[in-house]
Q: 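Starting off with a structure, shown below.
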Amino acid sequence: MSASTPDHTLSDSTTGGENPRLRYNASLAQDIEQRWQDQWELDGTYEAPNPAGPLAEPEKVADRPKLFVLDMFPYPSGAGLHVGHPLGYIATDVYARYKRMTGYNVLHALGYDSFGLPAEQHAIATGVHPRVNTEANVANMRRQLRRLGLGHDARRSVSTTDENFYRWTQWIFLKVFNSWYDETEKRARPITELEQGYANGSIATPDGRAWADLNTTERRSAIDARRLAYLSEAPVNWCPGLGTILANEEVTADGRSDIGNYPVFKKSMRQWTMRITTYADRLLDDLERLDWPEPIKLMQRNWIGRSEGARVHFATPAGDMTVFTTRPDTLFGATFMVISPEHPLVDALTTEENRQAIQDYRVAATAKNQFDRTDDTKEKTGVFTGTYATNPVNGAPVPVWVADYVLMGYGTGAIMAVPCGDQRDFDFARRFSLPIPAIQQPPAEWFTSRELEVQQGSQVDTSTWPEAFIGDGVYINSSNDDLNLDGLTSVAEGKSAMNAWLEEHGRGNANINFKLRDWLFSRQRYWGEPFPIVYDEDDQPVSLPDSMLPVLLPELEDFKPQALDPNDDVTDPIPPLARSTEWREVVLDLGDGPKKYRREINVMPQWAGSCWYELRYLDPTNTENFVDPAVEKYWMGPADGGDGKTGHTGGVDLYVGGVEHAVLHLLYARFWHKILFDLGHVSSSEPFYRLFNQGYVQAFAFRDPRGQPVPASDVEERDGAYWYEGEKVSREYGKMGKSLKNIVTPDEMYDEYGADTFRLYEMSSGPLEASRPWNTRDVIGMQRFLQRVWRNLVDEDTGRSLVIDAPPSEELRKLMHRMIEGIRADMDALRFNTAIAKLIQLNNALTQESAAVGGSPREVVIPMIQMLSPLCPHIAEELWQRLGHDHTVTFVPFPVADQSLLVEETIEYPVQINGKVRTRLTVPNEADQATIQALALADEKVIAALDGEVPKKIIVIPGRMVNLVV
RNA sequence: GCCCCGGUAGCCCAACGGCAGAGGCAGCGGUCUCAAACUCCGUACGGUGUGGGUUCAAAUCCCACCCGGGGCACCA
């Protein structure tokens with residue numbers, strides 16, 4: 001305990017009475033908690049038996065139902081935990097413990113996501129190897145978490161940096177590398193089957209030639225072109241100041257690195273990429289089958305960004321130019337085209353007299369940062385190339401413009417502009433005085449709601465329109481010799497007619513476009529998984545055989561990236577692994593004799609380990625397999641026993657974590673899992689069947705008049721204001737963090753209150769999904785509750801049991817059964833805050849009775865301890881033992897309510913007149929509607945209130961209330 | 001700008017469309033004490049962000065607006 005912490009309950013006053021020896025306070029709690037934590041560890045209480053593999057104990061698995069509960073595993077940061085971190089861990093622990101008591105074989109474990117940039121940055125700053133630092137951080141977090149009393153299976157606590165773990169990360173990479181996506185069967189298949197398909201002609205080669213006519217190099221590139229992991233030249237976020245490329249989420253909005261604040265440049269480099277786009281449809285469709293919060297599904301849907309439309313080819317002097325549009329039906333209204341400044345045809349389309357203007361525009365567009373370019377409040381800009389393309393549907397010449405509102409990264413980087421039906425095109429046309437022909441007849445209301453005279457047919461005049469018309473409307477001016485949309489009334493009809501025409505004339509086809517991009521998968525760092533890839537003498541990637549795994553990170557003397565000028569965007573990065581020539585240049589026998597190879601010197605991104613870690617929890621010590629198939633099927637197989645393709649997907653039964661991983665981690669992990677499913681390595685088609693997002697624990701922060709944060713723990717509240725060292729300070733609400741000086745650590749809570757109190761406070765302060773402020777001063781309430789529980793059962797001075805065998809009063813017994821019924825429902829629904837309220841209510845009633853009869857009836861005490869144990873396991877174990885049990889309470893069946901005691905013999909009915917309560921009637925439970933009505937009408941107060949009036953209507957809700965309408 | 005989530009007592013939060021209050025903190029009164037802390041007992045406080053609507057009945061359902069938190073943002 002810290003020296004500055006006052007502990008009144010332990011103060012030893014010589015002038016006054018000491019506190020009782022066995023009062024439940026922080027020091028007694030710590031004594032109890034540490035003893036039980038040691039005991040659980042010794043007994044392996046939370047070790048979950050597997051049906052097969054190295055951890056097999058089939059007799060213990062028996063026919064118990066299984067439950068796999070998972071937390072998003074932490075990054076072992078040097079700062080350790082604050083009280084916000086354990087919220088989800090406590091919740092899953094409570095749920096897991098509850099389910100153990102209802103007969104489940106529960107798997108609950110926690111590992112560490114320990115590769116990553118922060119450890120590497122820390123290593124560079126201190127000169128200490130990242131492994132040393134990472135292991136120290138993991139040790140510290142383990143210590144902090146152990147004191148929480150989490151019922152984890154310690155054998156399954158893996159770290160992504162363990163060689164025995166990343167060996168399998170590399171193994172999975174090889175599976176991805178050695179697979180291709182079969183668009184017909186809509187699944188990944190081994191690359192050998194692609195080769196067979198090419199060879200027997202069932203799959204066409206990229207250029208259509210026969211397989212036999214291709215040389216070795218051509219065959220190789222035909223295969224590489226379909227691999228799910230492939231090398232590509234792609235623009236990346238290159239940060240010379242850090243000597244590495246960065247993920248998008250590591251770059252700030254103003255184009256600098258999150259760490260170090262160095263400039264970040266877009267640079268094209270040869271990178272490993274994963275073909276996640278081939279799974280776009282399945283990643284989207286299978287969301288329907290998952291039990292996830294709707295907002296998270298929506299975020300994934302938006303990220304995948306599916307839109308249906310068509311590709312349309314426009315003839316230009318530089319050849320066909322293809323656009324993607326969601327409104328092919330409006331092609332007759334396409335009066336100009338706009339291409340992105342980065343479009344490859346810009347130069348070819350630019351005429352001599354426009355060259356300078358185009359060049360200036362492109363330079364200006366490059367200089368704009370992402371923020372300016374996407375700020376849609378700004379007026380549209382653009383430059384004419386001087387060239388006209390031909391509208392395929394009516395042969396009209398359409399000018400081609402360059403403008404930065406068209407993005408190279410989406411669709412084809414070129415659009416057909418239909419100003420009458422698209423607001424951006426409308427704005428652009430107005431700005432540059434381009435024609436805006438109408439091709440749909442807006443309905444009358446459209447005009448009237450814009451205070452325009454209604455325009456019909458030939459009167460339609462877009463020059464009077466304030467904005468574009470978007471929606472269903474009769475088509476006008478939309479016909480050519482063999483296509484006539486005029487008169488059609490719906491967009492859907494227009495689209496399908498136009499798509500058919502385009503297809504027939506070879507000018508386009510229906511098409512689906514996704515926002516999702518392939519996943520850039522390499523980093524120029526040290527602290528990550530090395531790729532199990534070498535390059536041969538032709539500089540072509542070759543996968544290593546399983547027998548050569550793991551490819552270990554070399555022990556470098558100096559793992560710093562090459563020091564570069566932060567503003568040097570020209571020089572290529574040199575990853576730290578390049579420095580060890582000994583490691584990099586190898587002679588290997590890959591089946592055709594010893595040859596010289598060069599290792600891949602990039603490493604995998606931090607997401608790699610978290611893409612599959614939950615599978616390794618299942619079988620952490622297996623050396624033959626990343627997971628034994630029978631073990632995976634047991635813990636994660638589809639609950640309906642199906643094949644995972646339709647119906648239940650299988651996967652983790654409950655995954656709890658913050659909303660911040662809504663897209664990246666949860667999408668990448670789903671992608672990898674689906675590949676493993678397609679290749680037959682797992683029986684579940686999704687990794688996480690049920691997802692729950694817990695809220696955040698937030699905190700108040702305080703600033704002095706100069707705006708500097710002051711330590712929140714030393715701020716005092718007086719007269720509705722906040723004071724620090726005699727100075728008035730302002731309060732704000734936000735995240736807990738070092739810079740705001742408002743961190744509260746679990747360690748402080750263990751010391752001041754004990755883990756059980758801390759757990760209860762975290763669970764009681766609000767519904768799990770809600771964010772809530774941390775209020776240290778409120779914690780005492782949960783300590784007092786446990787103190788009262790303890791005092792009801794144990795004499796604080798002597799330690800004598802206060803439990804009696806006499807039965808409880810009928811009233812207390814009924815209350816208990818009502819509480820049991822409610823608590824079970826709360827536990828099942830993760831409503832721990834209301835479960836705790838019911839336990840307090842029960843204990844308060846027990847306190848009354850205990851005082852009255854001089855002891856606590858065993859019939860109430862036993863279920864109460866059982867119900868407490870998931871929430872505050874240490875004190876529950878202690879009391880359970882003191883009541884004479886010699887086995888842990890962990891597997892004792894959770895109490896079940898006696899339904900006959902839930903029914904009251906009499907019910908009190910409020911009687912309302914016009915919705916206002918006038919009196920209450922006590923009516924026997926079995927009274928029927930007519931009886932209740934008669935009783936109500938006969939009541940003195942009702943008669944007085946009615947004052948002779950006859951109710952127009954009488955509503956009797958059985959079991960609820962009576963309402964008289966006059 | 002668009003889309004989510006939320007607004008109930010001084011604070012954190014409960015409440016199948018049916019008596020606004022389960023629980024905790026803080027407050028107040030008492031108990032204990034020479035006094036205090038701790039303990040225990042008791043207790044006040046709001047009509048549910050605002051304005052409409054539906055209903056016998058609205059915190060709850062619908063519409064509009066205000067405030068707070070989060071996400072997306074020229075996606076053709």
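Values below: all heavy atoms of this structure, side chains included; hydrogens, waters and symmetry mates excluded. All of these numbers come straight from a predicted model, not from anything done at the bench.
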Q: Tabulated below should be each protein N or O lying under 3.5 Å from an N or O of nucleotides 54-61 of chain B; please produce it.
A:
residue, atom, partner, partner atom, Å
B:rC56, O2', A:Asn963, ND2, 3.2
B:rC56, O2, A:Asn963, ND2, 2.7

Q: If we call it a pair only when both distances are under 3.5 Å in a Watson-Crick or G-U wobble match, what pairs with B:rG68?
A: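 Paired with B:rG68, as far as the under-3.5 Å criterion goes, is B:rC5.
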
Q: Whole angstroms only, please: what is the CG-P distance between A:Asn693 and B:rG71?
A: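 In whole Å, B:rG71 P and A:Asn693 CG are 13 Å from each other.
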
Q: For A:His817, what residues pass the ring-ring contact (aromatic ring centres under 6.0 Å, His included) criterion, not counting sequence neighbours?
A: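 In terms of ring-ring contact (aromatic ring centres under 6.0 Å, His included), with neighbours along the sequence ignored, A:His817 is linked to no residue.
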
Q: Which one is paired to B:rG27, where only Watson-Crick or G-U wobble pairs with both distances under 3.5 angstrom count?
A: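 Here B:rG27 is engaged in a pair, and the nucleotide opposite it is B:rU43.
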
Q: Considering only heavy atoms, which members of residues 413-420 of chain A lie under 4.0 Å from some atom of RNA chain B?
A: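 Per residue number, the list reads A:Ile415.
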
Q: For every nucleotide of nucleotides 9-14 of chain B, 5' to 3': is a protein heavy atom under 4.0 Å from its base (B), only from its sugar-phosphate (S), or from neither (-)?
A: --SSSS

Q: Under the side-chain contact (heavy atoms from CB on, under 4.5 Å) rule, collect the residues that match up with A:Asp518, sequence neighbours excluded.
A: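 A:Asp518: side-chain contact (heavy atoms from CB on, under 4.5 Å) contacts with A:Tyr230, A:Thr273, A:Arg275, A:Ile276, A:Thr277.
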
Q: Looking for any heavy atom pair under 4.0 Å, which part of the strands does A:Asn844 touch: base, sugar-phosphate only, or nothing?
A: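 Sugar-phosphate only.
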
Q: So, is A:Arg424 near the phosphate of B:rC75, with a side-chain N or O under 4.0 Å from OP1 or OP2?
A: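 Yes, such a contact exists.
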
Q: Please identify each residue that fulfils side-chain hydrogen bond (donor to acceptor under 3.5 Å, both in side chains) with A:Asp939, with sequence neighbours left out.
A: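 A:Asp939 satisfies side-chain hydrogen bond (donor to acceptor under 3.5 Å, both in side chains) with no residue once adjacent residues are dropped.
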
Q: Report the glycosidic orientation of B:rG69: syn if within 90° of 0, anti in every other case.
A: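 Here the answer is anti: the torsion falls beyond 90° from 0.
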
Q: Which residue lies toward the 5' end of RNA chain B, A:Lys515 or A:Asn302, if each is placed at its nearest nucleotide?
A: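 Closer to the 5' end of RNA chain B: A:Asn302.
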
Q: I'd like to check the side-chain contact (heavy atoms from CB on, under 4.5 Å) partners of A:Ala29; sequence neighbours left out, ordered by chain and number.
A: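 A:Tyr24, A:Glu33.
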
Q: Starting from P on B:rC75, measure out to CG on A:Asn511 and report it in whole angstrom.
A: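 These atoms are roughly 17 Å apart.
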
Q: Measure from OH on A:Tyr696 to P on B:rG69 and round the result to the nearest Å.
A: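 Taking OH of A:Tyr696 and P of B:rG69, I get 15 Å after rounding.
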
Q: Run the ring-ring contact (aromatic ring centres under 6.0 Å, His included) test against A:Phe332 and tell me which residues pass, sequence neighbours left out.
A: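 Scan of A:Phe332 (ring-ring contact (aromatic ring centres under 6.0 Å, His included), adjacent residues dropped) gives none.
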
Q: What class does the angle between the rings of A:His665 and A:His661 fall in, given that below 30° is parallel, 30 to 60° is tilted and above 60° is perpendicular?
A: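 Aromatic pair A:His665/A:His661 classed perpendicular.
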
Q: Both A:Arg788 and A:Arg784 contact RNA chain B. Which one's nearest nucleotide lies toward the 5' end?
A: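 Looking at RNA chain B, the more 5' nearest nucleotide goes with A:Arg784.
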
Q: A:Asp422: what forms a side-chain contact (heavy atoms from CB on, under 4.5 Å) with it, not counting sequence neighbours?
A: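 Listed in chain order: A:Arg424, A:Asp425.
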
Q: Could you measure between the two C1' atoms, the one in B:rC12 and the one in B:rG21, and give it in whole Å?
A: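 It works out to 14 Å between them.
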
Q: Can you list the residues that meet the side-chain contact (heavy atoms from CB on, under 4.5 Å) rule with A:Asp329, with sequence neighbours excluded?
A: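 If we apply the side-chain contact (heavy atoms from CB on, under 4.5 Å) test to A:Asp329, skipping adjacent residues, the hits are A:Arg327, A:Tyr475, A:Val491, A:Lys495.
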
Q: If the condition is ring-ring contact (aromatic ring centres under 6.0 Å, His included), which residues does A:Phe692 pass it with, not counting sequence neighbours?
A: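 ring-ring contact (aromatic ring centres under 6.0 Å, His included) check on A:Phe692 returns nothing, list empty.
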
Q: What salt bridge (Lys or Arg N to Asp or Glu O under 4.0 Å) pairs are there with at least one residue in residues 767-789 of chain A, not counting sequence neighbours?
A: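 Residue pairs passing salt bridge (Lys or Arg N to Asp or Glu O under 4.0 Å), neighbours aside: A:Glu717-A:Arg777.
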
Q: What integer distance in Å separates A:Trp303:CH2 from B:rC75:P?
A: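 These atoms are roughly 16 Å apart.
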
Q: B:rC40 and B:rA57: how far apart are their C1' atoms, nearest whole angstrom?
A: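 Their C1' atoms lie roughly 42 Å apart.
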
Q: Give the ring-plane orientation class for A:Phe336 versus A:Phe428, where under 30° counts as parallel, over 60° as perpendicular and anything between as tilted.
A: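 Plane angle under 30°, so parallel.
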
